[in-house]
Engineer: 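Can you read through this structure? Questions will come right after.
Whatever order the structure lists ligands and atoms in, that order sets their numbers, starting from 1. Predicted, not measured: the structure shown is a model, and the values here were computed from it.
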Amino acid sequence: MASPEVRKAISEAALKYVKPEGKVFEYGTAGFRMKADLLNTVVFAVGLLAGLRSKKLNGQWIGVMVTASHNPAEDNGVKLIDPMGEMLEAEWETYATKLANSPLESIGDAYDELIKEIDVKMDNPARVVFARDTRASGSRLVGVLNAALTATEVEFSDLKYLTTPQLHYVVRCKNTLGTQYEYGEPTEQGYYEKLAEAFKKVTKGVKIQGSLTVDCANGVGGPKLKELVKYLPSAAEGGIDIKIVNDNVINPDSLNFECGADYVKTKQRAPPSSKAGVLDRCASLDGDADRLVYYFVDEGNVFRLLDGDRIATLAASFIGDLARSAGIAQKLKIGVVQTAYANGSSTDYIEKVLKLPAVCTNTGVKHLHHAALRFDVGVYFEANGHGTITFSENALKVIKSSEPQSPAQQHALDCLNGLTDLINQAVGDALSDMLLVEVILAHKNWGPKEWLATYTDLPSRLVRVEVADRSIFKAYDAERKLESPPGLQAKIDSLQSRYNKGRSFARASGTEDAVRVYAEAASRSEADDLATRVANAVREAGAVKEIVQS
Ligand code: NG1
Ligand code: ZN
């Protein structure tokens, strides 16, 4: 039980907020995310829970990130980060949901009930570190977080503005400091130094050609990339010639507006502001810099997207080659983890050309991350550009302790070693992923055209369908099939069988009030047609249910 002082402080602090009437909150794949003005009481609840999570884990640091990623400027969100920089353990998502929905008048009781249910030792210390993206509502929400942590006597550190992956990095560093798993200096500067050091190691002997234009979605990635550039070698010294665009964090409305990774991926076009020339490498981050996509304009003036699937295949092929050159391929189990949104051609390429296992999981990086941990080297990316690579303890041991038999083996081992530092193993990180792509392209001596030539994407279409109640859409088989509403899956199966290389599925979004329909097929018109037909079937099934319910 909380002490009477803490109970009193919670009640007094909670009085300042008003819970939006009739709104049910749910901790989803991206934490809580919605219109920023609805979030006060949710953030308050998350603050209370963060302290409990830390106490439960004997005072390890827990992270709280205030961001709504690629959502519009008027939204915001909040999510918890576990000690190793990973997403919050699934069981605790239900506690977060419970606390966020508890009436304010009795939030102290709900807090005490949770302490009992989770069996938290209240004498343990509690430590929380938090940060936010550049949204205007962030400072108010951080104030709410501060109030919850103060009321519950939690030690906390406010790191102001950070990218989401930077906070994940700091959390992992803080909790591994002084142990054999030490991950780096637990500061923003430590993050830049670690990346820059690793970048120098892996670019030894290679030259990075041309320039890279980075669209920062007018989010926190802009100022942070500018900072990172200060630590990297200049183009003249063998570094990357980085041109930063869409880095306006002064006008809050410009965030993610007609720019950023989500815009580029979903619209399949460059931001209208783009001035890139033919074959220029371009990249887009999202609003909190955990997603990355590349693109370019080819000689025929056609826009070409290089999405998360492309980054995954590029990285898997490079690491596979390095492991072979280093003579350690037999000792490392390398695998790629994707979701159902991965283009079918990328999966074929992984299995048939790279000859690596490809695993499909539910949407949401936490699912991919866990599946990746089953490999020695687990490459995981969502098609939208969110992902990273994990190295098992065995992989690190093999890479660090193998005796090279030749200069070529030495070079490959050094490069692999550098990669384990360059890659943010806690979470998908657009800045780290960007350096990784640049390094690989330089090693392979490839421009974006050669990268694109590895395989040909099947034309695909993603449609958002609004239905009365998305919760009736229940999926299974890594969300590739629907068990409810009844009859819908059979309809989708029958539709997709009519198209050459047709594949389609529908699932309820975890972050928006909608059902998403994905379709791919051998030609653009077939993919569009299949998507339209499946979307109609979803709309009908949703509407039928609505009538049944009323
Ligand atoms: P939902 O809304 O559940 O489809 C979206 C993305 C996920 C993931 C989460 C979290 C797609 C199709 N879906 O989830 O991949 O990134 O947001 O941000 O891109
Ligand atoms: Zn994001």
Engineer: Look at the N, O or S atoms of Thr164, main chain and side chain alike, and state whether any lies under 2.8 Å from the Zn ion (ligand 2).
Structural biologist: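 No.
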
Engineer: What are the two closest heavy atoms between Phe505 and Glu479, and how far apart are they?
Structural biologist: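 What the structure gives for the nearest pair is CD1-O, 3.5 Å.
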
Engineer: Counting only heavy atoms not in Tyr231, do more than 12 sit closer than 6.0 Å to its OH atom?
Structural biologist: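 It does: Tyr231 OH has more than 12 such atoms within range.
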
Engineer: Can a non-hydrogen atom of Lys265 be found less than 4.0 Å from any atom of ligand 1?
Structural biologist: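 False for this residue.
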
Engineer: Compare Thr511, Asp513, Asn71, Val515 and give the one whose heavy atom is closest to atom 14 (O) of ligand 1.
Structural biologist: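 Result: the heavy atom closest to atom 14 (O) of ligand 1 is in Thr511.
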
Engineer: Using a heavy-atom cut-off of under 4.0 Å, does the side chain or the backbone of Lys79 touch ligand 1, or both, or neither?
Structural biologist: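 Contact part for Lys79 vs ligand 1: neither.
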
Engineer: Please identify which atoms of ligand 1 are closer than 4.0 Å to at least one heavy atom of Arg507.
Structural biologist: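 Selected atoms, number and element: 1 (P), 3 (O), 4 (O).
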
Engineer: Among all the protein's non-hydrogen atoms, which is closest to atom 11 (C) of ligand 1, and how far away is it?
Structural biologist: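 Nearest protein contact, heavy atoms only, for atom 11 (C) of ligand 1 is Asn384 ND2, 3.9 Å.
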
Engineer: Where does the angle between the aromatic ring planes of Tyr183 and Tyr169 fall among parallel (under 30°), tilted (30 to 60°) and perpendicular (over 60°)?
Structural biologist: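 Ring orientation, 0 to 90° scale: tilted.
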
Engineer: Any side-chain donor paired with an acceptor under 3.5 Å for Gln166 and Tyr192?
Structural biologist: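 A donor-acceptor contact under 3.5 Å links the two side chains.
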
Engineer: Is the closest side-chain donor-acceptor distance between Gln496 and Ser504 under 3.5 Å?
Structural biologist: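 Looking only at side-chain atoms, Ser504 and Gln496 do not form any donor-acceptor pair under 3.5 Å.
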
Engineer: Taking side chain as C-beta onward, heavy atoms only, is Glu351 less than 4.5 Å from Leu356?
Structural biologist: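 Answer no - side chains too far apart.
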
Engineer: Suppose we measure from atom 16 (O) of ligand 1 to each protein heavy atom; which comes out shortest, and what is that distance?
Structural biologist: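 So the nearest neighbour among protein heavy atoms is Glu382 OE1, 2.8 Å.
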
Engineer: Relative to Trp92, does Arg53 satisfy both conditions: NZ or CZ under 6.0 angstrom from the six-membered ring centre, and within 45 degrees of the ring's axis?
Structural biologist: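 Yes.
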
Engineer: In terms of ring plane angle, is the pair Phe130 and Phe156 parallel, tilted or perpendicular, where the classes change at 30° and 60°?
Structural biologist: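 Tilted, since the angle between the ring planes falls between 30° and 60°.
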
Engineer: For the Zn ion (ligand 2), give me the closest N/O/S atom belonging to Asp288, just the atom name.
Structural biologist: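 It is OD1 of Asp288.
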
Engineer: When only distance counts, is Gly510 in polar contact with ligand 1, meaning an N/O pair under 3.5 Å?
Structural biologist: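 Yes, since at least one N or O of Gly510 sits under 3.5 Å from an N or O of ligand 1.
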
Engineer: Please give the atom name: the N, O or S atom of Asp290 nearest to the Zn ion (ligand 2).
Structural biologist: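 Among the N, O or S atoms of Asp290, the one closest to the Zn ion (ligand 2) is OD1.
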
Engineer: Between Tyr95 and Leu52, is there a side-chain heavy-atom distance shorter than 4.5 Å?
Structural biologist: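 With C-beta onward as the side chain, the pair stays apart.
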
Engineer: Should the ring pair Phe303 and Tyr295 be called parallel, tilted or perpendicular, given that the plane angle runs from 0 to 90° and is split at 30 and 60?
Structural biologist: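 Rings of Phe303 and Tyr295: tilted, 30 to 60°.
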
Engineer: Among protein heavy atoms, which sits nearest to atom 7 (C) of ligand 1, and what does the distance come to when rounded to 0.1 Å?
Structural biologist: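 The closest one turns out to be Thr363 CG2, 3.4 Å.
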
Engineer: Between Tyr341 and ligand 1, find which residue part has any heavy-atom pair under 4.0 Å and reply side chain, backbone, both or neither.
Structural biologist: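 Looking at Tyr341 and ligand 1, just side chain atoms fall under 4.0 Å.
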
Engineer: Could you tell me, atom by atom, which parts of ligand 1 come under 4.0 Å of a heavy atom of Ser509?
Structural biologist: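 Here the atoms of ligand 1 in question are 1 (P), 2 (O), 3 (O).
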
Engineer: Can you say whether the rings of Tyr349 and Tyr455 are parallel (under 30°), tilted (30 to 60°) or perpendicular (over 60°)?
Structural biologist: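 Tilted.
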
Engineer: Please state which part of His386 comes within less than 4.0 Å of ligand 1, counting heavy atoms only: side chain, backbone, both or neither.
Structural biologist: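 Answer for His386: neither.
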
Engineer: Relative to the heavy atoms of Arg33, which atoms of ligand 1 are at a distance of less than 4.0 Å?
Structural biologist: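 In order of number, 18 (O).
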
Engineer: Can you tell me which N/O/S atom of Asp286 has the shortest distance to the Zn ion (ligand 2)?
Structural biologist: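 It is OD2, the N, O or S atom of Asp286 closest to the Zn ion (ligand 2).
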
Engineer: When you measure from atom 4 (O) of ligand 1 to every protein heavy atom, which one gives the shortest distance, and what is it?
Structural biologist: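 In this structure, atom 4 (O) of ligand 1 has Arg516 NE, 2.6 Å as its nearest protein heavy atom.
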
